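Everything numeric here is computed off the predicted structure, so don't read it as measured data. Convention: sequence-line order gives letters A, B, ...; per-chain numbering from 1.
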Number of protein chains: 2
Amino acid sequence: MSDSTDVPWLSDDERHAWMALTAMLMSLPPAIDAQLKRDAGINFFEYQILSSLSDAPGHTVRMSQLAHLAAGSLSRLSHAVSRLERQGWVQRRNVDTTEARCVVAVLTDAGTAMIEATAPGHVREARRLVFDALTPEQVAQLEKIGRQLVMSAAPHLSNCLK
Amino acid sequence: MSDSTDVPWLSDDERHAWMALTAMLMSLPPAIDAQLKRDAGINFFEYQILSSLSDAPGHTVRMSQLAHLAAGSLSRLSHAVSRLERQGWVQRRNVDTTEARCVVAVLTDAGTAMIEATAPGHVREARRLVFDALTPEQVAQLEKIGRQLVMSAAPHLSNCLK
DNA sequence: CCAGCGCACTTGAACATTCAACAAGAAGGT
DNA sequence: ACCTTCTTGTTGAATGTTCAAGTGCGCTGG
């Protein structure tokens, strides 16, 4: 009845850490989005789609794989790719092999130009928001902590971190 | 031309840390939301509103202050409070003092019951997702890192961490 | 006193995300 | 061959968030 899963209250240290964590979860994504929205008219999720495509051989990735890489649901991805397609940055194609139900997304030349123009500003913002604010030691700690939390919150994503 | 703000690329260590961080930013909020949605029909933002109200003297907080505590825009808060009002958990009131333009939100009895019923499950999930996955030392590191990142991404919020 | 400005908050429309339903190809058993 | 079931992906409606006005109070300078 009073085993460990039934004694839920947090210690002071834990409460303070929880507050810092949640504040970070609420403030960092909007900050990242703001720069991308302002400078490139896309959000972070769309950036990750374009970026994953641009890293892939042939600038081509299957939808289901792309959903993993961008860490979103297939439905969310499908809507987002539709938006990117409307801008001319991505194209959907049916693979001509045996697997007829598979769809791949391909980065267009315009999309390549777009992501290459956008990346430096995004990286600069990442540096400003995160790396300028932390010591190298903290960066290492953050990576470890991040991996472990992803493992507990979304195990299926942790392979993408490699 | 090549001063430090113009050399934007990340080192390998930084890139790995960035990937772990973003994966965490994308996976933790949905995991927290999922539990609250399933067990209480609210999202994390609404939980924080109710929880902040329940911690406040008189179960009463001004809208603008509440927006800070819940780490959202005033507009987002206003919409969210409208939803909570529709459920009977919160009431808006004009303060009867001199400041006629100020609005406060008050937690109702139903709202109090609701948040008290919901808190244990939420805390249990916080423990499962975060504290069970980290050492006490990492929890301390996370708090420090979180504070510093909030400071750089949303300075106006860092006072709420105290 | 009143004109102008800023603050606190609300509102509605545009936009993004989730959710549940659907379509259609593959795979496996009978 | 046929039925079932799983996987892959799309779609539209419901929900939530952002963005750009808009309202109304209070303050300050002329």
Side-chain angles (χ1 to χ4, degrees), chain A residues 25-27 29-38 40-49 60-87 90-106 154 156, chain B residues 25-27 29-38 40-49 60-87 90-106 154 156:
Chain A
L25 294 178
M26 307 281 292
S27 58
I32 296 169
D33 275 343
Q35 180 271 327
L36 285 171
K37 197 94 208 302
R38 176 166 39 76
I42 59 176
N43 61 28
F44 184 52
F45 185 63
E46 292 163 334
Y47 180 89
Q48 279 185 308
I49 292 171
T60 297
V61 182
R62 275 187 57 177
M63 292 295 281
S64 48
Q65 172 66 8
L66 194 49
H68 268 79
L69 293 173
S73 69
L74 200 44
S75 169
R76 184 183 182 186
L77 177 74
S78 184
H79 285 295
V81 166
S82 297
R83 290 191 302 268
L84 297 174
E85 225 173 357
R86 227 172 288 135
Q87 304 286 330
V90 169
Q91 269 197 359
R92 271 183 244 246
R93 287 207 201 126
N94 286 312
V95 221
D96 34 358
T97 71
T98 46
E99 284 276 342
R101 68 184 155 168
C102 292
V103 177
V104 297
V106 186
H156 58 285
Chain B
L25 294 178
M26 306 282 290
S27 58
I32 297 169
D33 274 343
Q35 180 273 326
L36 285 171
K37 196 93 209 300
R38 176 167 40 78
I42 60 176
N43 60 30
F44 184 52
F45 185 62
E46 291 163 335
Y47 180 88
Q48 279 185 309
I49 293 171
T60 297
V61 182
R62 275 186 55 177
M63 292 294 280
S64 47
Q65 173 66 8
L66 193 51
H68 268 79
L69 293 173
S73 69
L74 199 45
S75 168
R76 185 183 182 185
L77 177 75
S78 185
H79 285 296
V81 167
S82 297
R83 288 190 303 267
L84 296 174
E85 227 173 356
R86 226 171 290 134
Q87 304 287 330
V90 170
Q91 268 196 1
R92 269 183 247 246
R93 288 210 200 122
N94 286 311
V95 221
D96 34 359
T97 71
T98 46
E99 284 277 340
R101 68 186 155 166
C102 293
V103 177
V104 297
V106 186
H156 59 286

Suppose we screen for side-chain hydrogen bond (donor to acceptor under 3.5 Å, both in side chains). Which residues come up paired with A:Glu46, at least two apart in sequence or across chains? A:Arg83
Identify, with sequence neighbours excluded, every residue that meets ring pair (Phe, Tyr, Trp, His ring centres under 6.0 Å) alongside B:Tyr47. B:His122
List the residues meeting side chain to side chain contact (heavy atoms under 4.5 Å, CB included) with B:Ala105, not counting sequence neighbours, and say none if there are none. B:Leu53, B:Met63, B:Leu66, B:Val90
Residues two or more places apart in sequence or in another chain: which of them pass side-chain hydrogen bond (donor to acceptor under 3.5 Å, both in side chains) with B:Arg92? B:Ser82, B:Glu85
In this structure, how many angstroms lie between the C1' atom of D:dT8 and the CG atom of A:Asn94, rounded? 11 Å
Length of the CZ-P vector between A:Arg38 and D:dA20, whole Å: 14 Å
B:Gln35: what forms a side-chain hydrogen bond (donor to acceptor under 3.5 Å, both in side chains) with it, not counting sequence neighbours? B:Asp39
For B:Ile42 and D:dT15, what is the distance between atoms CD1 and C1' respectively, to the nearest whole Å? 15 Å
Per-nucleotide protein contact along nucleotides 9-18 of chain C, 5' to 3', at a 4.0 Å heavy-atom cut-off (B base, S sugar-phosphate only, - neither), is BBBB---SSB
